[in-house]
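These notes are about the structure you will find just below.
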Amino acid sequence: MLAPRDVLTRPLEEIRAEFPGLAGAGVALDGAAGTLVPAAVTEAVATATRFSMANVHGEFAASALSTETVASARRAVADLVGGQPEGVVFGPNMTTLTFHLADALSARWGAEDEVVVTSLDHDANIRPWTIAAKRSGAAIRWAEFDPDSGELPLEAFDAVVGEKTRLVAVTAASNAIGTRPDVSAITELAHAVGALTYVDGVHATPHGPIDVDALGADFYAFSTYKMFGPHIGAVVAGPALLERLNPAKVAPASDAVPERFERGTPPFELLAGVSAAVDWLAGLTDAGGGRRQRLLAALGAIEEHLNGLLSHALTGLADIGGVRLLGAPRRRTPTISFLIEGRTPRDVAQLLAAQGISVWDGDNYAFELMRRFGLAERGGAVRASIVLYNDTSDIDRFLEAVADIARR
Ligand SMILES: Cc1ncc(COP(=O)(O)O)c(C=O)c1O
């Protein structure tokens with residue numbers, strides 16, 4: 001049952017029934033790699049392919065519809081994470097957008113400059129910066145997380161952020177071990193020396209309320225396919241900041257912000273799905289106020305639901321002999337990486353799949369993190385990730401299966 005019931009208008013069983021993909025899917029604990037979508041999103045995408053395939057800015061009705069589809073998706077994203085619609089840049093996924101922005105930002109870097117990345121991050125918020133830094137002559141400084149605790153403390157930035165820092169790239173939540181660093185404090189430190197901040201919100205966005213301004217994120221990047229929407233990435237930034245950048249683009253394409261960052265024709269049907277996913281999330285509550293307020297309320301309730309499932313899972317795993325958890329961060333998402341003694345992560349994932357339970361194994365592109373754990377060359381870890389549509393019985397089945405594998 002979802003708690004608090006007074007925020008969400010329908011019980012979890014009804015919400016689950018809105019995900020056609022859950023039928024016959026067994027126990028889906030792979031949400032951190034991509035969530036299922038509710039039927040409302042599938043329908044919005046299908047409807048858009050019927051009516052909204054024309055390109056934007058034409059003088060006829062179908063084109064006007066596409067123009068509105070894009071504008072509406074920008075408004076939806078700004079309601080979801082904060083910021084202004086005029087600062088929402090869409091692209092194929094977070095990785096592509098981050099490489100694109102790294103190109104644009106690094107045009108101003110030189111040998112005197114430094115860029116800070118962290119070992120907690122997904123490689124999509126590391127490699128675009130290390131490659132761009134190398135090309136421009138800037139130095140890379142690493143803020144290291146602590147593999148024992150799984151924390152990325154503010155002190156990790158004290159030694160590496162300074163007058164030369166141009167950009168600090170940090171995740172709002174680890175897609176491997178769930179750690180939620182104190183992003184507001186980190187961005188404050190960065191801003192104090194005049195550096196920009198690039199926050200990876202891919203893993204954080206589906207797990208609780210987000211406010212890009214409160215986070216101090218000059219750029220906030222995420223992907224809607226991790227939050228019940230289609231395969232699209234978005235970066236949210238202040239329009240004035242985007243105006244200062246000159247990304248590579250074709251000459252006839254609009255030079256306006258944010259369009260100048262978007263290459264080629266956008267996937268209109270998927271953008272319709274983005275709006276539908278945001279509307280669907282907002283529709284989980286009839287709490288008063290506009291869509292932004294309803295999203296904050298719904299995501300707050302979702303976070304509470306997820307915290308309940310997380311503590312159930314962690315307590316259960318702690319009781320199973322031979323299970324080792326990676327890290328034990330205090331503030332975290334319900335995403336758990338673990339090992340079972342005597343088994344490779346691939347073995348465990350296969351045995352769980354045989355029991356109808358979907359989990360990922362490997363490094364999940366948290367490559368530097370797995371290296372710090374000494375696991376990058378050894379198959380990484382098993383990752384179980386819990387999202388909105390999981391329930392207590394999913395966790396019970398998962399715990400029973402893990403206990404069974406550990407006993408064999
Ligand atoms: C935390 C995190 N950052 C970045 C990415 C990359 O996102 P995308 O697949 O949209 O490029 C992922 C994908 O798994 C992720 O989990």
Side-chain angles (χ1 to χ4, degrees), residues 28-37 73 77 80-81 88-103 117-131 143 145 150 152 168-181 183 186 197-208 210 212 215 217 219-236 261-263 266-267 270-271 273-274 277 326-327 329 331-337 358-370 380-387:
L29 292 177
D30 60 332
T35 50
L36 296 163
V37 297
V77 165
L80 179 68
V81 300
V88 175
V89 178
F90 288 115
N93 48 56
M94 179 275 186
T95 307
T96 306
L97 279 167
T98 304
F99 271 110
H100 188 30
L101 280 152
D103 280 348
V117 294
T118 94
S119 52
L120 185 72
D121 270 82
H122 185 286
D123 220 56
N125 201 29
I126 297 176
R127 224 52 59 185
W129 307 116
T130 61
I131 291 170
F145 82 104
L152 176 64
V168 174
V170 63
T171 190
S174 157
N175 66 312
I177 58 174
T179 312
R180 284 175 175 278
V183 173
I186 295 163
T197 58
Y198 194 97
V199 177
D200 177 355
V202 173
H203 188 62
T205 307
H207 293 118
I210 297 289
V212 292
L215 287 175
F219 299 89
Y220 184 86
F222 76 105
S223 298
T224 65
Y225 76 94
K226 309 277 193 184
M227 41 126 311
F228 321 111
H231 284 93
I232 296 213
V235 170
V236 180
F261 290 85
E262 296 171 336
R263 287 176 169 161
L270 301 185
L271 290 171
V274 170
L326 301 194
R331 279 188 71 238
R332 67 183 296 176
T333 61
T335 300
I336 304 166
S337 281
S358 313
V359 297
W360 278 99
D361 66 286
D363 60 29
N364 294 301
Y365 283 28
F367 175 66
E368 297 291 345
L369 173 143
M370 287 299 169
V382 185
R383 181 182 71 180
S385 55
I386 303 167
V387 294

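Every number for a ligand or one of its atoms is a count from 1 in the order of the listing. The structure presented is a predicted model; accordingly, all values stated were derived computationally and were not measured.
- When the heavy atoms of A234, S223, S174, S385 are ranked by distance to atom 10 (O) of ligand 1, first place goes to S223.
- The side chain to side chain donor-acceptor pair (under 3.5 Å) test with Y198 singles out one residue from T98, T171, N125, and that residue is T98.
- Residue contact check for ligand 1: Y225 places a non-hydrogen atom closer than 4.0 Å to it.
- Of the possible polar contacts, none joining the N364 side chain to the N175 backbone as a donor-acceptor pair under 3.5 Å is found.
- Remark: of the listed residues I126, V170, I177, I177 is the sole one forming a side-chain contact (heavy atoms from CB on, under 4.5 Å) with L120.
- No N or O atom of T96 sits closer than 3.5 Å to an N or O atom of ligand 1.
- Remark: distances from the non-hydrogen atoms of H231 to ligand 1 are all 4.0 Å or more.
- Closest to atom 11 (O) of ligand 1 among all protein heavy atoms lies T95 OG1, 2.5 Å.
- With respect to atom 4 (C) of ligand 1, the closest heavy atom belonging to the protein is D200 OD2, 3.4 Å.
- Here the rule is side chain to side chain donor-acceptor pair (under 3.5 Å) with H203, and of T179, T335, D121 only T335 fits it.
- Here the protein heavy atom with the shortest distance to atom 15 (C) of ligand 1 is H122 CD2, 3.2 Å.
- Between the side chains of Y365 and T95, no donor-acceptor pair of N or O atoms lies under 3.5 Å.
- Of all protein heavy atoms, the one lying nearest to atom 14 (O) of ligand 1 is K226 NZ, 2.6 Å.
- Residue-environment remark: CZ (F261) exceeds the threshold of 12 foreign heavy atoms within 6.0 Å.
- Ranking the protein heavy atoms by distance from atom 7 (O) of ligand 1 puts M94 CB, 3.7 Å first.
- D123 contributes atom CG, which lies 12.5 Å from atom CE of M370 (distance to the nearest 0.5 angstrom).
- Atom 16 (O) of ligand 1 has as its closest protein heavy atom N175 CB, 3.3 Å.
- Any N or O atom pair closer than 3.5 Å counts here, and H203 shares no such pair with ligand 1.
- The shortest distance between side-chain heavy atoms of F222 and M227 falls below 4.5 Å.
- Close approach of ligand 1 to N93 is summarised as follows: ligand atoms under 4.0 Å from at least one heavy atom of the residue are 8 (P), 10 (O), 11 (O).
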